[in-house]
Amino acid sequence: MTTAHAWAAHAAETPFAPFSFERRELGPHDVRIDILHCGVCHSDIHFSQGEWGDPRYPCVPGHEIVGRVSAVGSSVTGFAVGDLAGVGCLVDSCGACPSCGEGLEQYCENGATGTYNGTEKQTGLPTYGGYSNFIVVREDFVLRINHGEPDLAAVAPLLCAGITLWSPLRHWQTGPGKTVGIAGIGGLGHMGLKLAHALGARVLAFTTSPAKADEARRLGADEVVNVRDADDLARHAGSVDLIVNTVSAHQDLSLFTRLLRRDGTLVLVGAGEQPTYPNSFDFLARRISLAGSAIGGIAETQEMLDFCAQHGIVADIEQIAIQQVDEAYERILASDVRYRFVIDMSTLPAG
């Protein structure tokens, strides 16, 4: 075992503080990554505050990890010391179920292992995330980073926010000739606008804030629709092929189902505390579908990273020191970030 240093939540109501723990020794199929940048995801807040189950304090969040390979196991073939690499939301899965066999590890029927707050198969210990100085991950769950050095911090959110939007856009065949709506212009939604535009679709941005119209167009929207304006919504009734809804607050989904053309799909990627229910008659009238989507498998995540590198796509970020994590959480809850925080891990104390 090798000592790692981290920034951890020790209880739901206390500030983050230093924490040291043991990472497993490098196995033959393992890659060690020295972490350069780690994105801050809203999921980190839910877990560290105990809102999504027992965080088994101390909890070390972080599943948007970009770093440099510092060691590889004897059987590793895809990575070498010095390579840039990333780790997303998963570090393992069963590898044997139908979902894993199809490259859909995020839907592993025996339970995929989360980058944090999971249980490590190799040791039986809790998994700890990217608010730490290094991580050891099986090669099959390590991603290649092909962006240039200046973009590395802004690449980190692609490992969660990027793939969360890429997966439904690709699954429902976004491309030229399709009209795609992105509901919510935030940490997830801003990535949806960029990706849908780059895939060649006509892109609508749905927002409750008309003041975001110019920003949405900058991010890739062809048109901005105010969901609080009935006339604005009516102009688009029955015209949209796919709507990816990133909103986690309670909402009236019928505002969106009425916009879908026949056989259109409304996909939910935002998870709120209260359930939301659409009008069933909207589904019967045009054979539309309501679906959900969660991150993506490893192959799909690599596809997304390669596409983003080719098209120069990164997240819009604000970089912070590790000591600013508590403040960043407060600002995320207040929707005061455009659009993702990323931690400069060089600010982590050495011990």
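Positions are given from 1 along the sequence. Please read these numbers as outputs of a predicted model, since none were measured by experiment.
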Do you know which of Tyr128, Tyr57, Trp7 makes ring pair (Phe, Tyr, Trp, His ring centres under 6.0 Å) with Phe19?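 Result: among Tyr128, Tyr57, Trp7, Tyr128 is the only option passing the ring pair (Phe, Tyr, Trp, His ring centres under 6.0 Å) with Phe19.
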
Determine whether the aromatic ring centres of residues Tyr329 and Phe16 are separated by less than 6.0 angstrom.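 They qualify: ring centres under 6.0 Å apart.
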
Tell me whether [X] contacts the main-chain N or O of [Y] through its side chain, where contact means a donor paired with an acceptor under 3.5 Å.
X	Y	result
Lys178	Gly200	no
Thr113	Glu120	no
Glu105	Ala112	no
Ser167	Ile163	no
His29	Arg138	no
Ser293	Val269	no
Tyr107	Pro98	no
Arg56	Gly118	yes
Lys194	Val314	yes
Arg331	Asp336	yes

Quick one: does [X]'s side chain get under 4.5 Å of [Y]'s, heavy atoms only?
X	Y	answer
His236	Thr179	no
Asp214	Arg218	no
Val224	Pro210	no
Gln106	Leu90	yes
Val325	Ile343	yes
Gln324	Phe341	no
Thr77	Glu139	yes
Met191	Arg340	no

[X] versus [Y], closest heavy-atom pair with distance:
X	Y	result
Val337	Ile332	CG1-CG1, 4.3 Å
Ala156	Val66	CA-CG2, 3.7 Å
Pro168	Leu242	O-CD2, 4.1 Å
Asn110	Cys94	ND2-SG, 3.3 Å
Pro55	Gly50	CD-CA, 4.0 Å

[atom1]-[atom2] distance between [X] and [Y], expressed to the nearest 0.5 angstrom:
X	Y	atom1	atom2	result
Ile33	Arg68	CD1	CZ	11.5 Å
Thr207	Asn226	OG1	CG	7.0 Å
Leu36	Asn133	CG	CG	11.5 Å
Leu268	Leu290	CG	CG	5.0 Å
Asp222	His197	CG	NE2	7.0 Å

Does Leu233 belong to the same Ile/Leu/Val/Met/Phe/Trp/Tyr cluster as Val244, with side-chain heavy atoms less than 4.5 Å apart forming each link?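 Different clusters: Leu233 never reaches Val244 through Ile, Leu, Val, Met, Phe, Trp or Tyr contacts under 4.5 Å.
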
Do Val227 and Phe256 pass the side-chain contact (heavy atoms from CB on, under 4.5 Å) test, and can you show the C-alpha distance, the side-chain angles, and the key distance before you say yes or no? CA-CA 9 Å; Val227 297; Phe256 300 107; 3.9 Å; yes

Donor + acceptor pair across side chains of [X], [Y] (<3.5 Å):
X	Y	answer
Asp306	Gln302	yes
Glu22	Thr3	yes
Arg32	Ser70	yes
Asn245	Gln251	yes
Glu300	His171	no

Would you sort out whether Tyr116 and Tyr131 count as a ring-ring contact (aromatic ring centres under 6.0 Å, His included), showing the intermediate values? CA-CA 10 Å; Tyr116 62 85; Tyr131 296 11; 7.7 Å; no

In plain terms, say whether Arg338 and Asp316 are close enough for a salt bridge, that is, a side-chain N and a carboxylate O under 4.0 Å apart.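 Salt bridge flag = no for Asp316 with Arg338.
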
State which residue, out of Val31, Val60, Ile35, fulfils the side-chain contact (heavy atoms from CB on, under 4.5 Å) condition with Ile135.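 By the side-chain contact (heavy atoms from CB on, under 4.5 Å) criterion, Ile135 pairs with just one of Val31, Val60, Ile35: Ile35.
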
Side chain to side chain donor-acceptor pair (under 3.5 Å), that's the test. Do Gln319 and His37 meet it? Break it down for me. CA-CA 9 Å; Gln319 198 159 9; His37 308 283; 3.3 Å; yes

Give the intermediate values and the outcome of side-chain contact (heavy atoms from CB on, under 4.5 Å) for residues Val87 and Leu159. CA-CA 7 Å; Val87 179; Leu159 277 302; over 6 Å; no

Of the options Thr265, Asp282, Asp252, which is the one that meets Thr257 in a side-chain hydrogen bond (donor to acceptor under 3.5 Å, both in side chains)?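 Only one option passes, and that is Asp282.
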
Parallel, tilted or perpendicular: which describes the rings of Phe307 and Trp166, with under 30° parallel and over 60° perpendicular?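 Taking Trp166 first and then Phe307, their aromatic rings sit tilted (interplane angle of 30° to 60°).
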
